[in-house]
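Comments concern the structure below.
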2 protein chains.
Amino acid sequence: MNEQPRTQIVANNSQVVLKKTLDIICGKWRLYIIFQLGTQARRYGELRRMIPEVSEKVLIQELKALAALGMVEKKSFPEVPPRVEYGLTPKGLEVLPMLQKLTSIGELFLKP
Amino acid sequence: MNEQPRTQIVANNSQVVLKKTLDIICGKWRLYIIFQLGTQARRYGELRRMIPEVSEKVLIQELKALAALGMVEKKSFPEVPPRVEYGLTPKGLEVLPMLQKLTSIGELFLKP
DNA sequence: GTATCAACTAACCTTTAGGTTGGCAACCTA
DNA sequence: TAGGTTGCCAACCTAAAGGTTAGTTGATAC
């Protein structure tokens, strides 16, 4: 009793998967940051200089969020002044090519 | 004179492409709506019933936005009560498979 | 003559995303 | 001892996204 119809369950499931996907890629800077980390791990200050348009706060916030999602990993070195490196996780590297292909959508829809 | 360095130009360009891409796929319901239109054009009321969680206002707003982006096309039939059908444009159909593959990201990152 | 239908529109509100500013820690150098 | 270095945090603000509710249209069925 109280069983949901199957279609409802399926719909909810695919919405959960979709939400997780969107969590990772949506956001003004998220994909951009991921692409910058694609070739190698970078220091925080390095990223700041690579993406000067993003504010400090938002950059840190996005790196934190991406780390919490398991897309990015953070390595802190106990030095002074501090050194911190951000890089893609194995999962992150796995989906990177798909994300890079995504931009072809923008190209297609920008064409007249 | 006043020429920007090449790296800056490249960066700005890829940000424009990225933004266009995100315009199309970002939003709580956008991909979900696109997927529902993937197999065939649908009437507005049909979509409402297929995605009962989205509010009327937001559904119409998203359909309008997707139409303005060239992802969706709207056909109005001059009947009473009105009949309106929404379907993917050729460009929309072209990128649909890539968008569908995207969800594998959500699946990967939901795995424990 | 009023109730119904589908596809909206308008007015309003709440939540989230993103941005600005200023400050702190802990060591090094001048 | 003052100032520079790097990576962060907190407080505050604005704009955008998303949600709720009510009303409009105009032929048709009751």
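Chain letters run A, B, ... following the sequence lines, proteins first, then strands; residues in each count from 1.
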TODO: With sequence neighbours excluded, tell me which residues meet salt bridge (charged side-chain N to carboxylate O under 4.0 Å, His left out) with B:Lys19.
DONE: B:Asp23
Task: Non-neighbouring partners of B:Gln40 that pass side chain to side chain donor-acceptor pair (under 3.5 Å), sequence neighbours left out - done: none
Task: Residues in side chain to side chain contact (heavy atoms under 4.5 Å, CB included) contact with B:Lys28, at least two apart in sequence or another chain - done: none
Task: Counterpart residues, side chain to side chain donor-acceptor pair (under 3.5 Å), relative to A:Glu85 (two or more places apart) - done: A:Arg83
- [ ] Report the residue (A:Trp29 or A:Val80) whose heavy-atom-nearest nucleotide on DNA chain C is the more 5′ of the two.
- [x] A:Trp29
Going by atom type alone, with no hydrogens or angles, which donor-acceptor pairs under 3.5 Å involve a side-chain atom of residues 87-97 of chain B and a protein atom two or more places apart or on another chain?
residue: B:Thr89; atom: OG1; partner: B:Gly70; partner atom: O; Å: 2.7
residue: B:Thr89; atom: OG1; partner: B:Met71; partner atom: O; Å: 3.3
residue: B:Thr89; atom: OG1; partner: B:Gly92; partner atom: N; Å: 3.0
residue: B:Lys91; atom: NZ; partner: A:Leu108; partner atom: O; Å: 3.3
residue: B:Lys91; atom: NZ; partner: A:Lys111; partner atom: O; Å: 3.4

- [ ] Hey, could you give me each pair passing salt bridge (Lys or Arg N to Asp or Glu O under 4.0 Å) that has a residue in residues 34-52 of chain B? Not counting sequence neighbours.
- [x] B:Arg42-B:Glu46
Open item on the list: Measure CD1/B:Ile51 against P/D:dG19 and give the value in whole Å, please.
Closed with: 12 Å
Could you write out each protein N or O paired with an N or O of nucleotides 6-10 of chain D at a distance under 3.5 Å?
residue: D:dT6; atom: O3'; partner: A:Arg43; partner atom: NH2; Å: 3.2
residue: D:dT6; atom: O3'; partner: A:Pro82; partner atom: O; Å: 3.0
residue: D:dG7; atom: OP1; partner: A:Arg43; partner atom: NE; Å: 3.1
residue: D:dG7; atom: OP1; partner: A:Arg43; partner atom: NH2; Å: 3.1
residue: D:dG7; atom: OP2; partner: A:Gly45; partner atom: N; Å: 2.9
residue: D:dC8; atom: OP1; partner: A:Lys74; partner atom: NZ; Å: 2.8
residue: D:dC8; atom: OP2; partner: A:Tyr86; partner atom: OH; Å: 2.7
residue: D:dC8; atom: N4; partner: A:Glu56; partner atom: OE1; Å: 2.6

Task: Cluster overlap B:Val84 with B:Val80, hydrophobic side-chain contacts below 4.5 Å - done: no
Task: Range on DNA chain C touched by chain B, heavy atoms, distance below 4.0 Å - done: C:dC5 to C:dA11
Open item on the list: I want to check one thing: is the phosphate of D:dA16, taken as OP1 and OP2, less than 4.0 Å away from some side-chain N or O of A:Lys28?
Closed with: no
TODO: Calculate the interatomic distance between B:Asp23 atom CG and D:dA17 atom C1'; express it in whole Å.
DONE: 13 Å
- [ ] Using side chain to side chain contact (heavy atoms under 4.5 Å, CB included) as the criterion, list what pairs up with B:Glu62, not counting sequence neighbours.
- [x] B:Arg30, B:Ile33, B:Val58
Task: Counter-base of C:dA30, judged by Watson-Crick or G-U geometry with both distances under 3.5 Å - done: D:dT1
TODO: Quickly work out the B:Glu53 CD to D:dG19 P distance and round it to whole Å.
DONE: 10 Å
